[in-house]
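Presented below is the structure to which this report refers.
Everything quoted here is computed from the prediction, not taken from an experiment. Just follow the structure's listing: the first ligand is 1, and inside any ligand the first atom is 1. Values reported hereafter were calculated over all heavy atoms of this structure, with side chains retained and with hydrogens, waters and symmetry mates removed.
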Amino acid sequence: MPVPASPIHLLDPKASYDAFLTLSASLLLARTPPDAIEWNDSESGAGSLFDPTLTPDELASFPRIDEHTSRITERLGRRGKLVAHHADPDRWDLLYRIAYRLSHGRERDLLNDILDPDTRKLETLSHHVSRDMHKMKAFVRFQRVRDAEDEQYVAWHRPDHRIMRLIAPFFVGRFGAMRWTIFTPHESATWDGQSLTFAEGIPADQVNEHDQVEELWKTYYANIFNPARIKINAMVKEMPKRYWATLPEAQIIEDLLQDAPARVRRMIEAQSTSAGATPFLPPRDVPLTVLAEEAQACAGCPISEMATNTVFGEGPPNARIMLIGEQPGDEEDRAARPFVGPAGQLLNHALTAANLSREDLYITNAVKHFKYIPKGSTRLHRRANPSEIRACKPWLDREIESIDPDTIILLGATAGQSIFGAGYRLHQSRGHRLTHPNIRATIYPTIHPAKILRAPKHEQPQMLEDFIQDLRTATQSPSPS
Ligand code: URA
Ligand code: SF4
């Protein structure tokens with residue numbers, strides 16, 4: 001007897017994550033396997049949403065559909081939401097397959113399995129969308145529309161992904177007092193001072209990117225201008241050419257720079273009280289992977305402007321020993337992993353000599369971005385200053401809270417200053433077990449391995465021996481006294 005082909009559902013969430021979630025909830029309740037669905041991918045989020053798979057009567061017979069929807073939302077997490085706005089036409093397939101595996105496949109730990117292809121793809125796509133949002137926040141420029149009755153501002157931006165809906169609330173927060181429309185190729189968003197509406201986008205070939213940008217933007221730019229953050233080279237590198245046509249700052253940068261010293265002073269004063277990384281933190285108790293992901297978008301201090309990657313801590317979430325270094329160097333910045341350059345190699349050697357396995361440890365830095373000055377084709381490491389160390393501390397606090405290690409080893413003075421404040425002196429603390437009122441772990445200060453690399457050759461063997469001894473002492477339980 002021929003096996004009846006299972007019916008294929010043709011579904012179209014029209015670029016709306018909410019529509020996808022409702023659809024998925026009904027499909028999962030009906031135990032519909034992923035390969036019985038063909039997800040369509042229309043361009044626009046506007047217009048009618050979908051033909052429900054279940055009839056209204058059937059839906060009503062599942063009174064818990066809302067509950068089910070929120071369970072899927074929770075399981076797919078922030079990454080699910082980001083991926084829903086990716087331009088990849090297969091994203092709905094991926095999201096549904098993961099939702100199905102998490103519920104009916106009983107693979108509850110799927111999203112912690114970094115070797116699983118679906119988990120990896122979720123990670124990669126969500127990273128693309130985060131970056132795209134980061135760029136849109138930095139590069140959207142409004143123009144005033146001349147003949148509008150009321151003040152009205154428009155902006156055009158060409159993101160790589162369909163992020164308009166995801167990012168619109170950010171612009172409402174920042175420009176809530178203006179009436180504005182942002183156009184992208186997929187969708188437009190309009191804020192009338194009270195509500196947000198979405199409509200069709202404008203295809204890129206219909207936009208005149210050479211329109212003059214008007215007074216408002218100049219005023220706005222002059223107000224937020226931050227001379228210490230102007231990194232023209234970094235900007236050019238970061239910003240694909242297509243954004244340049246909508247950037248007016250070249251016209252006014254000269255004027256602003258002339259006023260720079262006073263502004264720099266005021267800025268430094270303002271910075272000492274700034275919130276640093278805090279506004280970028282996710283809610284408490286999120287898994288470490290989410291924390292690391294959110295840190296990718298941190299712009300809590302000026303260092304983020306120069307670096308290529310946020311280098312977050314690395315290691316098992318249940319590690320008992322945590323090592324805190326200073327900040328990533330050139331190689332760490334490129335690899336987006338801590339301690340992989342020369343200091344990292346020396347550290348690996350010392351860990352082995354101290355009978356410790358790097359895989360068991362959680363290794364991080366006090367500051368998560370690489371600070372440097374460019375010199376020719378190289379980048380010279382610069383020490384993070386106290387306000388940058390303070391700015392980055394919220395990430396470190398969250399890592400400590402999440403790992404809750406028994407032992408923390410501080411590598412060098414910067415790590416110590418981060419935990420104990422600017423008054424910390426390594427030479428006074430080395431060799432002592434320290435405690436901190438907010439930290440359960442025993443804290444053990446030692447030198448930074450890079451210090452050994454910088455020392456005169458004849459001093460290196462002894463320094464290395466002492467460093468290894470410190471690592472041993474720190475990780476052995478204190479002898480009862
Ligand atoms: N030095 C550090 O402090 N951290 C790194 O990740 C690399 C070098
Ligand atoms: Fe944020 Fe820290 Fe990077 Fe500064 S160094 S931008 S605070 S992650």
Side-chain angles (χ1 to χ4, degrees), residues 130-131 134 137-138 226 228-229 231 234 238 267-268 271-282 290-315 322-351 358 361-372 379-400 408-419 426 445-454 467:
S130 289
R131 268 203 85 71
H134 190 54
K137 288 178 187 171
N226 180 341
R229 299 180 94 176
K231 297 279 175 309
E238 166 99 347
M267 195 193 66
I268 288 170
Q271 208 177 18
S272 61
T273 56
S274 87
T278 304
F280 298 88
L281 295 179
V290 174
L291 202 61
E293 195 178 294
E294 295 286 335
Q296 298 304 319
C298 184
C301 81
I303 309 182
S304 66
E305 305 273 311
M306 344 172 123
T308 316
N309 286 303
T310 302
V311 180
F312 209 72
E314 180 177 275
M322 180 165 176
L323 262 57
I324 307 176
E326 180 191 350
Q327 58 165 321
D330 184 76
E331 290 188 41
E332 286 79 13
D333 177 55
R334 293 175 206 277
R337 292 186 52 207
F339 284 100
V340 292
Q345 281 158 24
L346 188 63
L347 176 65
N348 289 345
H349 170 85
L351 290 173
R358 178 167 169 148
L361 312 176
Y362 186 83
I363 303 188
T364 190
N365 285 298
V367 171
K368 311 292 189 240
H369 273 118
F370 175 38
K371 181 177 178 183
Y372 64 90
R379 308 189 292 176
L380 299 179
H381 166 276
R382 277 285 161 273
R383 207 171 231 191
N385 65 35
S387 89
E388 290 152 353
I389 298 172
R390 258 199 316 277
C392 213
K393 177 79 177 335
W395 293 117
L396 184 62
D397 286 339
R398 283 292 186 87
E399 286 175 293
I400 296 175
I408 294 178
I409 302 179
L410 303 173
L411 303 173
T414 299
Q417 282 163 8
S418 176
I419 302 284
L426 173 58
T446 183
I447 56 165
H448 193 289
K451 188 171 172 133
I452 306 175
L453 295 175
R454 288 194 302 266
F467 179 55

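Under 4.0 Å is where a charged nitrogen must lie from a carboxylate oxygen, and between R382 and E388 no such pair does.
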Side-chain donor-acceptor pairs under 3.5 Å in residues 338-346, sequence neighbours left out?
none

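Contact shell of ligand 1 (protein heavy atoms, cutoff 4.0 Å): G325, E326, Q327, P328, E332, P338, F339, N365, H448.
When only modelled atom types and interatomic distance are considered, Q296 and S130 share no side-chain donor-acceptor pair under 3.5 Å.
Nearest heavy atom pair, residue I303 against residue A384, reads CD1-CB, 4.4 Å. Taking both residues in full, the closest heavy atoms of L281 and P394 are given as CD1-CB, 3.9 Å, listed atom of the first, atom of the second, then distance. Contact record, N309 with D333: ND2-O, 2.8 Å, taken as the closest heavy-atom pair.
Taking the side chain as every heavy atom from C-beta outward, V311 and Q327 never approach each other to under 4.5 Å.
Below the 2.8 Å limit, atom 3 (Fe) of ligand 2 has as protein N, O or S neighbours H369 ND1.
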- Message: Quick one, R358 with E314, criterion salt bridge (charged side-chain N to carboxylate O under 4.0 Å, His left out). Give me CA distance, side-chain angles, the key distance, then yes/no.
- Response: CA-CA 10 Å; R358 178 167 169 148; E314 180 177 275; 3.8 Å; yes

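With sequence neighbours excluded, the residues forming a salt bridge (charged side-chain N to carboxylate O under 4.0 Å, His left out) with K393 are D397, listed by chain and number.
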